[in-house]
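Notes follow once the structure below has been shown.
Position 1 is the first residue of the sequence; numbering continues from there. Note: hydrogens, waters and symmetry copies are ignored here, and every other heavy atom, side chains too, is used.
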Amino acid sequence: MKAYVINLACREDRLQLAVDSVKKLDLELVRIEAVLGRELEYPHPQFDESGYIRRQGRRRVDAEVGCYLSHLLALETFLKSGDEHGLIIEDDVDFRPGAKEAIARSVEYSHEWDMLRLSSVNVGTVYSWIALNENHGLGLPITRQKGAGAYIVNRHAAQAMIKHLGKMNLPWDHAFDLEWLHGFRTLHMRPYVAFQRGLTTDIQNNIRSHYFPAWQRYWTVFPYRSCLEVSRFLHRAPKIVAGRLKIAAYRSR
């Protein structure tokens, strides 16, 4: 397994941070030159602007488009490697103590997942699924998890994302969080072993100015997201119930 680090050509300082982070995992680093969104020509064949506006309620953020296309490029590069698994990370990610051991252990359970998320930028609800060791486990998310700082994919997940997410109508971390719609399985490391350093990004700079008025957003964004959360729950609830029944049966022996 290799670590595919997404990094802009003008940010050699952040590349060095990523190099230091990947050393903790003893993985080979492959640099993916990030797409600079402001240099793209719009309309762009891989950006569905009207779909994005309906789902996000805001105008295009060029850096967000560049980020999305950069992740697709990282997945395409991974598939060319022939490896079974690849670690995709953004260049502001660092790893907590025990990450190397937890990742190695999680790969032993790779028959349970196609994508394993190692980081998140929000506190959501994750149902514990598999115990890896006394410090870490794998969990099934019940609510939306933001951020795409660090995740492991197998070839099936990478192929599915390239096939179904090849045209952007959501930010990357929203789009790949909908795995049940695209035919692959996701689990989350518990607790997360990677974190983003909180460095400034072009995506967040002045992002509020891109939003349409609230009354306009609620006509499309709120119904869309509500349907997604209902769909997420309906997809995952049976798995959680089955897991609880399995544990209860084991304990009753």
(request) Check for a donor-acceptor pair, side chain of Asp114 on one end and backbone N or O of Asn154 on the other, with a separation under 3.5 Å. (result) no

(message) I'd like to know if the side chain of Arg217 and the backbone of Arg58 have a donor-acceptor N/O pair within less than 3.5 Å.
(response) no

(message) For Tyr224, I'd like to know if atom OH has over 12 heavy atoms of other residues, nucleotides or ligands within 6.0 Å.
(response) yes

(request) Give me the one residue out of Lys146, Arg225, Arg144, Arg117 that meets salt bridge (charged side-chain N to carboxylate O under 4.0 Å, His left out) with Asp177. (result) Arg117

(request) Hey, could you give me the CG/CD distance between Asn133 and Glu101, rounded to the nearest 0.5 Å? (result) 8.5 Å

(message) Is it the case that the side chains of Glu49 and His44 hold a donor-acceptor pair, with the cut-off being a distance below 3.5 Å and no angle test?
(response) no

(message) Looking at every heavy atom in both Ala150 and Val93, which two are closest together, and how far apart are they?
(response) CB-CG1, 4.1 Å

(request) Compare all side-chain heavy atoms of Trp180 with those of Arg236 and state whether any distance is below 4.5 angstrom. (result) yes

(request) Step through the shown structure and confirm whether more than 12 heavy atoms of other residues, nucleotides or ligands are within 6.0 Å of CD on Glu108. (result) yes

(message) If we count only N and O atoms by modelled type, under 3.5 Å, do the side chains of Tyr52 and Arg59 hold a donor and an acceptor together?
(response) no

(message) Could you measure the distance from the CD atom of Glu28 to the CG atom of Asp26? Nearest 0.5 Å is fine.
(response) 12.5 Å

(message) Check the orientation of Phe184 and His182. Use parallel for under 30°, tilted for 30 to 60°, and perpendicular for over 60°.
(response) parallel

(message) Given 3.5 Å as the limit, does a donor-acceptor pair link the side chain of Arg197 with the main chain of Asp94, or not?
(response) no

(request) Indicate yes or no for a side-chain donor-acceptor contact from Ser231 to the backbone of Cys227 under 3.5 Å, with no hydrogens or angles considered. (result) no

(request) Please report the closest heavy-atom contact between Cys67 and Glu90, naming both atoms and the distance. (result) SG-OE2, 3.9 Å

(request) Over all heavy atoms of both residues, which pair between Leu27 and Val22 is shortest? Give the atoms and the distance, please. (result) O-CG1, 3.3 Å

(request) Mark yes or no for whether Ser70, through its side chain, and Ala34, through its backbone, hold a donor-acceptor pair below 3.5 Å. (result) no

(request) Describe, in one word, how the ring planes of Trp172 and His71 are oriented to each other, choosing from parallel (under 30°), tilted (30 to 60°) and perpendicular (over 60°). (result) parallel

(request) Would you name the heavy atoms of His85 and Phe78 that are closest together and state the gap between them? (result) C-CE1, 3.3 Å

(message) Closer than 3.5 angstrom, by distance alone: can the side chain of Tyr109 be matched with the main-chain N or O of Leu132 as a donor-acceptor pair?
(response) no

(request) On the 0 to 90° scale, with breaks at 30° and 60°, tag the Phe47-Tyr42 ring pair as parallel, tilted or perpendicular. (result) perpendicular

(message) Please check: side-chain N/O of Trp113 versus main-chain N/O of Ser106, any donor-acceptor pairing under 3.5 Å?
(response) yes

(message) Nearest 0.5 Å, please: how far is CZ in Arg14 from CG in Asp91?
(response) 4.0 Å

(message) Could you measure the distance from the CG atom of Leu178 to the CZ atom of Arg232? Nearest 0.5 Å is fine.
(response) 6.0 Å

